[in-house]
Every structure is written in structure tokens, then in C-alpha cells.
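Beneath this line is the structure, given in C-alpha cells, with notes to follow.
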There are 2 protein chains.
Amino acid sequence: MHKVTVLDKKGALDCPIRDVINRIGDKWSLLILVVLSEQPTRFNELKRTIGDISQKVLTKVLKELEQEGYITRTAFDESPPKVVYDLTEMGLSVLTPVGQLIDWAEKNHALIKEHRNKTD
Amino acid sequence: MHKVTVLDKKGALDCPIRDVINRIGDKWSLLILVVLSEQPTRFNELKRTIGDISQKVLTKVLKELEQEGYITRTAFDESPPKVVYDLTEMGLSVLTPVGQLIDWAEKNHALIKEHRNKTD
DNA sequence: TAACCTAGTTACCTCAAGGTGCCTAATTGA
DNA sequence: TCAATTAGGCACCTTGAGGTAACTAGGTTA
């Protein structure tokens, strides 16, 4: 079996997986990474593609993803402004294990929903 | 490259990965699954092992994990009460892709912290 | 008799995530 | 001249996650 001994009981202060879950476990980060994996994308383009994200939250999440090294932000000195976001190598690489989880989720989605309805 | 086309833009209502992230992306679920992967565990034993989880939240999370089919709850008719929690096959199997993500997190933890400090 | 252990439940509080709406400054097209 | 577009910033509000503390019931122990 896969041995897992990682999680930190002391409040997850320096726990790697908590850092990752705290970042991509929110409502929008994962979706943003996936959209950016298709192509570098401008701010409003991201907003339109995702559709129902608020401007405030998009700004905030992009800042955080940049700060932790998942994406880059490139501003061009034009008018109207032009800012392009893109994945870093790290941002791209996290999509591999995330993809594994997505595969698992797809395979087990029916089972989960079945359970949920059984005990509604 | 790993092609990811899963995320649902319509609010993630029926999106498999959102179901999973919403469940194990909280503060305690993942840790509980990992603890249970070592051995079936009683309620208070879980509480003591984790240490800083509140009773209310432990009860709630256990209920939800059971409802979605990740764990089982077995109550013995004794006094004082005895209730044992254990992983289901599904609960065990999710730890494989999660383990992949944990590996990634460990390998990139230093890099993430470096980025974070660079732009503090 | 009084306190303890079990597995919870309930009321109350706090904080952060996320939403809405309104503002900006330079430039372009009608 | 007026409206639209760009990438945000800011004030305000609601909701849910999670914490604390006190309570329960039956049986065991001191």
C-alpha cells in the first residue's frame, strides 16, 4: 500500500501538502491553472472564459498564484493596459498529480453520488 | 502534456473534481483519511491522535466522509459507547492519487517557500 | 455518593472567502 | 463628443468553516 506519513499534526504550519491544498483547494485556483495550461491568457480573457468569477477574487487569486510561483504576470506598457498570465514550470508540473486526482474523481463520481443519495 | 478538460464552468454543480476538492480540501478530512489508513480507529482515539481538532468538527467531518462513501462507521452496543471508523475501499483508493500530490508537494515545498519570501 | 469515560449535540462567536457595485486613466472608434 | 475597453482598487455585505464551552446518558471506578 502507499505509505503516507506526511501530515503535520502541530497545526500544519510547515506541512507541504497543506500548503498545496490551501492554495489550490479554493474555489477558483485549479480552474485558473487549467485554463492557463491551454495558453497564456490576459486578465479579461480569463474573466470571460471562467464566466462567473468576480473581478475582485480573480485579481486576488492571480496575485497569490504568482506569489507562490505557480504563474507569471507580464505587463505590457500599452493603452489600454495589457497583462498576460502564464504558467511557470512549477505551475505546469502540478497539473500532473492533479490530473491523477481528476482521473480518480471521474472514475468514482458515480459512486460518490450514489452514496450521497442513499443517505440523504 | 497531460490534457485536462474536466472543470465545469457552469458553477461546478456536477463536476467530479470539485466534489473531491470540496470534500478533502478542508482543514481536516485528508488528515483523518491518512490516520484511518493506518488502522480502524475509535472516535476519541481519532480526537487524541489529531490533537487540535474540535469535537464538533470531528463529528461533522466524519459524518460527511461516511455519507460520501470514504469511511464506514461501526457502533458497538456497549457501555461506554464504542464507535469505530474505518476506510472504505474507495477511501483507501483515493489515497493513491493524493499520495502523488503529496509527493509533488514535498518536492516543491522549498521552491514555494522561496517564492513566497521573495515577494513578501 | 461523586467523579469519569464514552460519543456525541447544542448555542454562541469569530474570521476569511467570496460576491456586488462603483470608481479610475489612457486610448480608440463612432 | 460620447461610449467602450483595459486592469485593476475599494467599501460593503453575506455565508460558511471552524473554534469554545456546556450539556447529555449509562455504566465504571474511587
Side-chain angles (χ1 to χ4, degrees), chain A residues 7-13 15 18-19 21-32 35-36 40-68 71-86 119, chain B residues 7 9-13 15 18-32 35-36 40-68 71-86 119:
Chain A
L7 296 177
D8 182 5
K9 292 174 212 159
K10 300 189 289 280
L13 289 170
C15 178
R18 279 257 59 87
D19 271 2
I21 293 275
N22 285 343
R23 178 91 305 287
I24 68 170
D26 68 350
K27 192 170 176 184
W28 298 112
S29 294
L30 200 50
L31 182 50
I32 291 172
V35 171
L36 290 184
T41 312
R42 298 179 60 176
F43 182 86
N44 270 4
E45 208 177 339
L46 270 171
K47 192 162 162 348
R48 277 190 299 269
T49 304
I50 296 178
D52 49 356
I53 191 173
S54 74
Q55 198 149 348
K56 193 195 75 172
V57 171
L58 180 55
T59 310
K60 185 189 166 210
V61 173
L62 287 172
K63 253 184 211 159
E64 291 167 349
L65 286 173
E66 188 202 357
Q67 203 196 352
E68 302 212 342
I71 66 174
T72 58
R73 191 194 105 113
T74 312
F76 297 85
D77 195 13
E78 303 174 8
S79 186
K82 179 177 175 184
V83 177
V84 173
Y85 293 91
D86 195 6
T119 54
Chain B
L7 297 176
K9 292 174 215 163
K10 298 190 291 279
L13 289 170
C15 179
R18 279 257 61 88
D19 271 3
V20 175
I21 292 276
N22 284 343
R23 179 90 304 286
I24 68 169
D26 69 351
K27 192 169 175 186
W28 299 112
S29 294
L30 199 50
L31 181 50
I32 291 171
V35 171
L36 290 183
T41 311
R42 297 179 61 174
F43 182 86
N44 270 4
E45 209 177 339
L46 270 172
K47 191 161 163 349
R48 277 191 299 269
T49 304
I50 296 179
D52 49 355
I53 191 173
S54 73
Q55 197 149 351
K56 192 195 75 172
V57 171
L58 180 54
T59 311
K60 184 189 166 211
V61 174
L62 287 172
K63 252 183 211 161
E64 292 166 349
L65 286 173
E66 188 200 358
Q67 202 195 351
E68 301 210 344
I71 67 174
T72 58
R73 192 194 105 114
T74 312
F76 296 84
D77 194 14
E78 304 175 6
S79 185
K82 178 178 174 183
V83 177
V84 173
Y85 293 92
D86 196 5
T119 55

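The chains referred to below are lettered A, B, ... by the order of the sequence lines, with proteins before strands, and numbering in each begins at 1.
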Identify each atom pair where a protein N or O and an N or O of nucleotides 23-30 of chain C are less than 3.5 Å apart, giving names and distance.
residue	atom	partner	partner atom	Å
C:dT27	O4'	A:Ser79	OG	3.2

Produce the list of close N/O pairs, under 3.5 Å, pairing protein atoms with atoms of nucleotides 9-11 of chain C; give distances to one decimal.
residue	atom	partner	partner atom	Å
C:dT9	OP1	B:Lys63	NZ	3.4
C:dT9	OP2	B:Lys63	NZ	3.0

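Summarising the geometry of B:Val83 relative to B:Arg73, their closest heavy-atom pair is CG1-CG, 3.5 Å, with the distance given to 0.1 Å. Nearest heavy atom pair, residue B:Tyr85 against residue B:Leu36, reads O-CD2, 3.6 Å.
In this structure, of C:dG19, C:dA7, C:dT6, it is C:dT6 that holds the atom nearest to the side chain of B:Arg48.
For residues 56-66 of chain A, the set of pairs meeting the side chain to side chain donor-acceptor pair (under 3.5 Å) definition, not counting sequence neighbours, comprises A:Arg23-A:Glu64.
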Report the C-alpha separation of B:Leu62 and B:Leu46 in whole Å, then their side-chain angles, then the decisive distance to 0.1 Å, and conclude whether the side chain to side chain contact (heavy atoms under 4.5 Å, CB included) test is met.
CA-CA 10 Å; B:Leu62 287 172; B:Leu46 270 172; 3.9 Å; yes
Step by step, work out the side chain to side chain contact (heavy atoms under 4.5 Å, CB included) result for A:Ile71 and A:Asp86.
CA-CA 5 Å; A:Ile71 66 174; A:Asp86 195 6; over 6 Å; no
Under the side chain to side chain contact (heavy atoms under 4.5 Å, CB included) rule, what do A:Asp52 and A:Ile50 come out as? Steps first, then yes or no, please.
CA-CA 6 Å; A:Asp52 49 356; A:Ile50 296 178; 4.1 Å; yes
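Every residue meeting the side chain to side chain donor-acceptor pair (under 3.5 Å) condition with B:Asp26, not counting sequence neighbours, appears here in chain and number order: B:Ser29. B:Val84 pairs by the side chain to side chain contact (heavy atoms under 4.5 Å, CB included) definition with B:Pro40, B:Arg42, B:Phe76, B:Lys82, not counting sequence neighbours. Partners of B:Pro80 according to the side chain to side chain contact (heavy atoms under 4.5 Å, CB included) rule, which considers only residues two or more places apart in sequence or in another chain, do not exist here.
In this structure, A:Lys60 atom NZ and C:dG18 atom C1' are separated by 8 Å, rounded to whole Å. Summarising the geometry, the separation between CD1 on A:Ile53 and C1' on C:dT20 is reported as 14 Å, rounded to the nearest angstrom. Rounded to whole Å, atom P of C:dA7 lies 9 Å from atom CD of B:Glu45. Atom-to-atom, CG of B:Leu46 to C1' of C:dG8 comes out at 14 Å; the value is rounded to the nearest Å.
Helix bend of the helix from C:dA7-D:dT24 to C:dT24-D:dA7: the angle between its two end axes, each built from five pairs, comes to 30° after rounding to 10°.
Extent of DNA chain D lying under 4.0 Å from chain B heavy atoms, first and last nucleotide in 5' to 3' order, is D:dA17 to D:dG27.
Atom NZ of B:Lys47 and atom OG1 of B:Thr41 lie 15.0 Å apart (nearest 0.5 Å). Expressed to the nearest 0.5 Å, how far CZ of A:Arg18 lies from CG of B:Leu31 amounts to 8.0 Å. Taking CG from A:Leu65 and CD1 from A:Ile24, the interatomic distance works out to 10.0 Å, rounded to the nearest 0.5 Å.
Using a 4.0 Å heavy-atom cutoff across all strands shown, B:Phe76 reaches no nucleic acid atom at all.
Between B:Arg42 and C:dT6 there is no side-chain polar atom (N or O) within less than 4.0 angstrom of OP1 or OP2.
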